[in-house]
Each structure stands twice: as C-alpha cells, then as structure tokens.
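Before any comments, here is the structure.
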Protein chains: 2
Amino acid sequence: MLSHKAKYALKALLYLAEQDENHISRTVEIAEGANIPKKFLEQILLDLKRGRFVSSKQGKFGGYYLIKSKNDITLAEIHRLFDGAIALLPCASLNFYEPCSDCKTESECSLRHGLMLIRDKTLKAMEGITIASLVKK
Amino acid sequence: MLSHKAKYALKALLYLAEQDENHISRTVEIAEGANIPKKFLEQILLDLKRGRFVSSKQGKFGGYYLIKSKNDITLAEIHRLFDGAIALLPCASLNFYEPCSDCKTESECSLRHGLMLIRDKTLKAMEGITIASLVKK
DNA sequence: ATTAATTCTATCGATTTACTAGACTTTAGA
DNA sequence: TCTAAAGTCTAGTAAATCGATAGAATTAAT
C-alpha cells in the first residue's frame, strides 16, 4: 500500500501538471486544490524538490512548479522516493537490496526467486503509469 | 513489502510442503527448520489455520499439516491474510475496498483508475506464485 | 497422573506514520 | 528599508503498527 505521503505527492504532482505552463503554484493553493494538509504538504514538496521532480521560487509570489515532464514522472519513482522498495522483500529488491538475516542458505533464500518475478512485473506496470497518464482521465 | 509475518508464513508453508505426506510437524520443528522465532510462529500457524491453509492435531504428538494443495496456495492469498490489500490504495482494492476520505469527487479519485491497472497486473503475477512453484527450486 | 503438544490472551518496546508547531530565510514591492 | 508573503528547516507528538515474548489454559497420548 502507498503511504499518505506518496499518495499526496502524486496528487500534488497531478495538480501541478494540470496548471498552465509557467504557472507557479503556492503550497496553500495545491493543498486546497488537492485536499492535502498544508503543513504536511510542505514536507512532501521539499522531498519532491530534493528528488528533482519540482523546483521552487522562494519569497513573495513564490511557489512550486514541475521541472520534469509529466510523461517522465512514473509511479515507480514516486513509490521509491516515499515508500522505498517495490519488491516484496529486501533480498529481491534492485534499489534497496539487503540480504535477509533469517535465511540459512545465505546467498539464495527460498522466496527470493519468486519475489523477483513479481518485482519485475510490478515494476514494469508501475513504470507505465505516469503523471500524464493520470491527468488525462 | 511483506511483513515478517507473511514472510514467515510462506517459509512455514514451504517447510510443510516439503515434508512427507501424512507427516505432522511440531511448531518447534518448523521454527528450527525454517529459522523462525518459535513463539511468533505459533501465532502465524494459528492464523494459517483460521485461513484454512493448515490444520492441527492437539496434544502429545500433535502438530501442523497442510490441508490445502501446495499448488493452490498462492502468494496473493498469503499476502491478503497477513498484510491485507494488494492494491496500492484502499479505493483501488477488490477485497479491502474503502473510499478515500480526501477525494473531492467522491466516486472517482484521480489515482484510482491507474492503481486498479497496477492491482490487476500485480494480482495476476501473485496468483502465479504458489507454494509448489517455490518448492521446486 | 504425567508429559508434550497446541491455543489463547495479554503485554511490551521500538519504530513508523501522519501530522503540527514554530522559528528562520528569502523575495517583491511600497 | 520595511513589511508581507512566500518557502525552508528542525522538532515534537499522539496513535498505530510491528515483531516478538510470557505465561496460563487446554488437549491428547501413554
């Protein structure tokens, strides 16, 4: 399941993608437009900025805007940024790999292979969902 | 990600599936064989029993055994039993549906459709992974 | 009756989650 | 240069969840 953070991030990106080119959106505007607690959204937007999905202008008349094409922002990326691994166990993960501590045969646990199959399919599906694909609904 | 409970459940089922027909396995035997904390495993086996994957014999010489074919126990079922919904949000879930509280257009949130696509693909993949498919590795 | 097993209920510490609070910094414009 | 309006940063917090443990109760074979 997605955390609220990830869900709000998607909704915020969706909001930004729906604005006119060159429009800058204030946090409060996004918060109200997408129904997200404002103070919580502040943190999320900072995370999105660190992830280079959006950028910001400070000071009066400042706000946020997309710096990545809505066609290039995928669900997979947002999931990883906020919720981490897409695989079902760390030992089956590409980006968040960790060996499992409780496997007797250290190199290969009994579940790893099957979970890697799942990961590949899920990842492929998640990479197919972009902000752009969500906007045109 | 899978919880430890779900992971241990899979490993316990795998252990049971590898035993001879008619063999009854004590909790402690499974715990040692699959490297799972015994007291924790007790709870998990009870859950698996309530889910009708295994059954038990009480008292001396008691223990656990599979009552469902290893070909018919899927990752999807175990995920649902221990970790709940497979969909990324409750509003996109088949078995754990709940409307999202923060969506303005109540019937359809902007993410729902895309997340249902993901759910269908993930579910299909997870239904393809059975205990039997994990055993023969 | 004894022993060995499952079953049930409760609890616990640590971590995570979903926020909130408030001080600080930056910028535009009067 | 002052002020209002914006983002930035660091903490904190209440509630829930997770991973596990404890111990008493029950059941069954000998």
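All values derive from a computational prediction rather than experimental measurement. Just so it is clear: chains get the letters A, B, ... in the order the sequence lines come, proteins before strands, and each one is counted from 1.
- Residues A:Gly59 and A:His4 each lie close to DNA chain C; by heavy-atom proximity, the contact nearer the 5' end of the strand is made by A:His4.
- Between A:Glu32 and A:Val28 there is a side-chain heavy-atom pair separated by less than 4.5 Å.
- Donor-acceptor pairing under 3.5 Å is recorded for the side chains of A:Tyr15 and A:Glu29.
- Straight-line distance from the NZ atom of A:Lys57 to the P atom of D:dA5: 15 Å, rounded to whole Å.
- Across residues 79-92 of chain B, not one residue has a non-hydrogen atom less than 4.0 Å from an atom of DNA chain C.
- By the rule that hydrophobic residues join a cluster once side-chain heavy atoms approach within less than 4.5 Å of another member, B:Leu81 and B:Leu14 end up as members of one cluster.
- In terms of modelled atom types and a separation under 3.5 Å, the side chain of B:Arg112 and the main chain of B:Cys91 share a donor-acceptor contact.
- We find that CD1 of A:Ile24 is positioned 11 Å from C1' of D:dG7, with the value rounded to whole Å.
- Between A:Lys39 and A:Glu42 a salt bridge is recorded (basic side-chain N to carboxylate O distance below 4.0 Å).
- When each of D:dT8, D:dG19, D:dA29 is scored by its nearest atom to the side-chain atoms of B:Lys60, the top-ranked nucleotide is D:dA29.
- Side-chain contact between A:Leu66 and A:Ile131 is absent, with no heavy-atom pair separated by less than 4.5 Å.
- Atoms CZ (B:Phe61) and C1' (D:dT30) sit 8 Å apart, rounded to a whole Å.
- The span of DNA chain C lying next to chain A, judged by atoms under 4.0 Å from heavy atoms, is bounded 5' to 3' by C:dA18 to C:dG29.
- Under a cut-off of 6.0 angstrom, the local environment of NZ in B:Lys68 is crowded, with over 12 non-hydrogen atoms contributed by other residues, nucleotides or ligands.
- Neither OP1 nor OP2 of D:dA6 sits under 4.0 Å from any side-chain N or O of A:Thr27.
- In this structure, B:Ser133 contributes its side chain and B:Ile129 its backbone to no donor-acceptor pair below 3.5 Å.
- Ion pairing between a basic and an acidic side chain is recognised when a charged N comes within 4.0 Å of a carboxylate O; B:Arg80 and B:Glu77 show no such pairing.
- Near DNA chain D, meaning a heavy atom under 4.0 Å away, the residues from residues 36-53 of chain B are B:Pro37, B:Lys39, B:Phe40, B:Gln43.
- The separation between A:Arg26 atom CZ and D:dT8 atom P is 15 Å, rounded to whole Å.
- Using a 4.0 Å heavy-atom criterion, one finds that B:Gly62 contacts the sugar-phosphate atoms exclusively.
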- Can you list the steps and then say if A:Asp83 with A:Ser3 is a side-chain hydrogen bond (donor to acceptor under 3.5 Å, both in side chains)? CA-CA 7 Å; A:Asp83 295 346; A:Ser3 65; 2.6 Å; yes
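- Hydrophobic cluster membership is shared by B:Phe40 and B:Phe82, with clusters built from Ile, Leu, Val, Met, Phe, Trp and Tyr side chains linked at under 4.5 angstrom.
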